[in-house]
Amino acid sequence: MAALSSSSNLLLLLLMSSLDWLSTPGSAFFMGRHRVTSPAPLEPHITECISRDQTTFQCWWSPGNFHNLSSPGSLRLFYIRKDSPTSEWKECPEYVHSNRECFFDVPHTSIWITYCMQLRSQNNITYYNEEDCFHVENIVRPDPPLSLNWTLLNISPSGLNYDVMVNWEPPPSADVRAGWMRLEYEIQYRARNATKWEALEMQPQTQQTIFGLHTGKEYEVHIRCRMLAFIKFGEFSDSIFIQVTEVPSKEASFPLTLVLVFGIVGILILVMLIVVSQQQRLMMILLPPVPAPKIKGIDAELLKKGNLDELNFILSGGGMGGLPTYATDFYQDEPWVEFIEVDAEDADTGEKEDNQGSDIQRLLDLTQPVSHHMNIGFSNTVSFPDDDSGRASCYDPDLPDQDTLMLMATLLPGQPEDGEASLDIVKRAPAPERGERPLVHTQTGGPQTWVNTDFYAQVSNVMPTGGVVLSPGQQLRIQEGTSGAEEETRKKGKEHKSSEDSEEDKEKEKELQFQLLVVDPEGGSYAAESNARQVGAPPSSPMPGGGYQTIHPQPAETKPAAAAEDNLSPYILPDSPQSQFFARVADYTVVQEVDNQHSLLLNPPPRQSPPPCLPQHPLKALPAMPMGYITPDLLGNLSP
Amino acid sequence: MAHSRGTNGSKLFMIVLYMVAACGAIPIRDLLDRASQGSDKLHSLSTTLTQDLDSHFPSTGRVIMPRPSMCHTSSLQTPNDKEQALQVSESDLLSLARSLLQAWEDPLVALSTSANTLPHPAQGAIFNKIQELQEHSKSLGDGLNVLSGKMGPGAQTISLLPYMGGNEIGQDRISQLINFNFLLSCFRRDSHKIDSFLKILRCRAAEMLPEMC
């Protein structure tokens with residue numbers, strides 16, 4: 001039953017369709033689908049109907065296999081517009097027989113209306129296909145766009161790829177301006193030798209970008225369009241060719257950048273090398289070194305060694321090189337500073353510099369008869385009784401000072417630059433201008449010429465016999481002599497008056513041989529500075545009369561300086577091997593050695609034995625000594 | 001849920017439109033632009049729908065389909081060619097568009113109903129697209145209503161084109177398919193009409209901006 005009803009419905013439908021006007025065009029034709037060709041011999045049929053601008057359209061037919069109908073006019077085309085139930089078949093308004101084409105002009109063209117085509121032969125045979133019905137808007141194939149053009153957008157940094165912007169104009173027949181037709185476009189491109197076209201996505205704009213084209217290749221581009229939301233495409237436009245050759249500038253820029261980078265890196269490395277290699281010089285330029293503290297007359301090594309004793313000694317003006325004792329007042333505060341005593345009976349050591357002048361005067365007065373004071377250059381002297389402390393003396397007391405001094409001067413390293421030094425010393429020794437401290441100043445004067453002024457000892461006392469007792473510098477390191485130690489003990493708190501003790505000691509000491517007695521000035525008058533050592537010379541005691549060399553004044557020739565400076569008289573060298581030297585040098589004596597008590601030894605005795613007759617003064621070869629002065633140990637090296 | 005979403009979206013759109021229209025902030029040009037976009041979408045959807053339908057249409061040889069003149073909207077007098085279309089006033093164009101759109105409200109429901117049980121391989125996709133059609137149709141109709149308010153009294157006229165088919169489009173499989181196809185083709189034609197009218201309107205309104213056309 002159901003099947004019957006369905007079949008009957010179908011039949012009814014068929015009847016209706018056949019009786020009635022033709023049904024709507026088959027969906028195939030309507031949708032533009034490929035038409036199902038009938039298996040029957042090919043009869044005349046409509047080939048195709050196309051509208052270009054939705055205002056006109058054309059239809060082409062073909063006689064098929066009926067060649068007898070191929071002559072123009074043998075077949076006629078009829079159409080019908082099914083816009084009303086009363087429409088009729090009409091003949092083609094315009095034939096183009098050459099093409100077997102029927103052209104429907106504007107008045108005969110309507111959209112949204114069904115058109116059906118029919119072919120009729122001369123003898124009224126109708127060839128009709130249901131599928132040949134259509135709506136005009138469905139058969140629209142727009143004209144291809146015009147003015148296809150391209151511009152280069154950019155090129156990749158590597159120069160291998162580039163992008164192109166393609167633009168065009170819509171076909172004028174589409175009347176896009178009026179909104180009559182809305183088109184969408186499709187760009188296709190391919191490389192020159194490729195067969196397959198690359199299609200870009202359809203879009204309604206009139207420009208599109210093609211990405212990723214390769215430089216050096218030639219590309220062919222064409223475009224077509226169709227109505228929006230419709231199926232049929234128009235024809236392709238004429239192709240344009242795009243080609244972008246390799247841009248050398250791009251390639252050049254890349255290596256240029258590399259070269260630039262490498263160049264900068266190389267320059268940087270060069271600068272670094274220069275800086276590193278010339279670092280010293282650069283540092284000198286940029287950061288000039290601060291001058292190291294340099295005190296004239298003091299070896300920098302001494303500063304580094306940090307031997308305070310020596311340093312202080314030198315700084316105090318005692319050194320041979322002698323610092324210029326700028327502040328005479330400096331010594332005023334120093335209790336241990338002693339000055340020359342004119343007389344034994346005077347014996348007031350500890351006079352300050354203000355007494356110096358008088359002392360000197362006294363010295364000078366006592367030049368002839370008494371021992372000459374020798375200004376060793378040390379400010380600190382302790383006067384002591386000038387009597388010989390019993391020092392065994394192998395020395396000729398009459399040794400001229402000058403000669404001795406000369407010899408000493410020559411012998412001692414760090415000698416003054418010229419041979420005149422000794423003379424200079426002699427000259428300088430009695431430096432009267434510095435009233436307070438001729439001794440000292442002499443040193444100062446001396447130092448200019450004398451590199452080492454360790455040759456000098458300050459006269460601490462003058463023996464009645466004329467011998468001069470010399471005192472070492474305060475800080476002068478004295479050769480480690482046992483005597484020194486003993487002297488020390490004696491020194492402490494030793495009063496001027498107590499110098500006799502030292503005298504006694506002296507006798508047994510090798511100090512007896514000391515030509516110079518260097519007495520450590522005690523506090524106050526006799527500041528017994530710890531540092532101040534007494535050479536095992538007869539301390540403040542007026543010393544070992546016997547041990548001292550009395551320098552006979554040889555003022556005449558040995559004291560040119562004395563003449564120059566009347567302050568000082570030739571020094572009296574204690575008895576010592578060097579006495580002969582002393583005799584030669586009249587005005588001063590040269591310190592040979594400093595014992596462990598920092599007493600200057602003009603002629604340090606041999607350490608072990610009592611003073612041999614031989615001038616034992618350790619005029620050994622002087623070891624390398626710091627410039628400017630002699631260390632005690634070096635004194636031993638002095639050799640006549 | 002897509003339906004509700006569409007409804008919400010259309011409601012929102014309507015609210016925005018009404019508010020804007022009340023303020024008069026949105027110019028007609030923009031409204032037309034929006035409307036023509038909607039009609040674009042509608043037309044495209046109908047096209048794909050018919051394509052889907054045809055892709056698996058049972059090859060019954062010659063397809064027997066009702067004439068397009070049997071579309072229920074054929075009675076509406078619309079311009080049929082370019083000259084006529086370009087001569088019709090904007091109000092009339094809008095009125096025609098609105099009439100057509102409204103005429104399809106019911107048939108779309110019928111289509112949606114029948115798509116549920118459509119004996120077609122691509123039934124699911126077809127059904128979804130029908131749903132989308134309904135949404136877009138609704139929103140476009142609302143937009144056109146707003147637009148009509150700005151375009152004068154002529155635009156307010158809506159011709160009634162009742163649909164007599166009911167919700168049943170066929171009892172058997174083939175009739176269902178045939179009727180379905182027929183309806184869709186009618187709809188496609190009408191959507192193209194709507195789109196064309198709106199495009200013409202838009203291009204007329206955007207004389208200064210040719211790129212809008």
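Below, read A as the first sequence line, B as the second, and so on, with proteins coming before strands; counting in each chain starts at 1.
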Atom pair NE2 (B:His43) and CG (A:Leu228), whose distance is rounded to the nearest 0.5 Å: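 Atom-to-atom, B:His43:NE2 and A:Leu228:CG are 7.5 Å apart.
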task: Rounded to the nearest 0.5 Å, what's the gap from CD on A:Glu137 to CZ on B:Arg189? Could you check?
output: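 Reported to 0.5 Å precision, the distance equals 8.0 Å.
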- prompt: Less than 4.5 Å apart, any side-chain heavy atom of B:Gln51 and any of A:Ile231?
  reply: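 Touching, per the 4.5 Å side-chain cut-off.
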- prompt: Does B:Arg188 make a cation-pi contact with A:Phe230 (under 6.0 Å, within 45 degrees of the axis)?
  reply: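 So B:Arg188 does make the cation-pi contact.
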query: Checking A:Met181 against chain B: side chain, backbone, both or neither under 4.5 Å from a heavy atom?
result: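 A:Met181 has no heavy atom closer than 4.5 Å to chain B.
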message: Given heavy-atom pairs under 4.5 angstrom as the criterion, report whether the side chain, backbone, both or neither of A:Thr55 touches chain B.
response: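 Contact with chain B is through the side chain of A:Thr55 alone.
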message: Checking A:Arg182 against B:Ser196: is there a side-chain donor and acceptor pair closer than 3.5 Å?
response: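 Short answer, yes.
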For the residue pair [X] and [Y], what are the closest heavy atoms and their distance?
X        : Y        : value
A:Trp112 : B:Thr78  : CE3-OG1, 4.5 Å
A:Val106 : B:Asp81  : O-OD2, 4.4 Å
A:Gly179 : B:Ile200 : O-CG1, 3.9 Å

query: Quick one: what part of B:Glu83 sits under 4.5 Å from any heavy atom of chain A, side chain, backbone, both or neither?
result: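 For B:Glu83, the side chain is the part near chain A, not the backbone.
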field: Residue selection (most heavy-atom pairs with chain A, distance under 4.5 Å) from B:Asp195, B:Asp190, B:Thr48, B:Leu45
entry: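 Going by pairs under 4.5 Å, I would pick B:Asp195.
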query: Highest number of heavy-atom pairs under 4.5 Å with chain A: which of B:Leu198, B:Asn80, B:Leu201?
result: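 Most heavy-atom pairs within the cutoff with chain A belong to B:Asn80.
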task: Would you indicate whether A:Glu235, at its atom CD, is surrounded by more than 12 heavy atoms from other residues, nucleotides or ligands within a distance under 6.0 Å?
output: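 No, the 6.0 Å shell around CD holds no more than 12 heavy atoms from other groups.
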task: Taking B:Thr47 for its side chain and A:Ala229 for its backbone only, find out whether a donor-acceptor pair lies under 3.5 Å.
output: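 Between the backbone of A:Ala229 and the side chain of B:Thr47 there is a qualifying donor-acceptor contact (under 3.5 Å).
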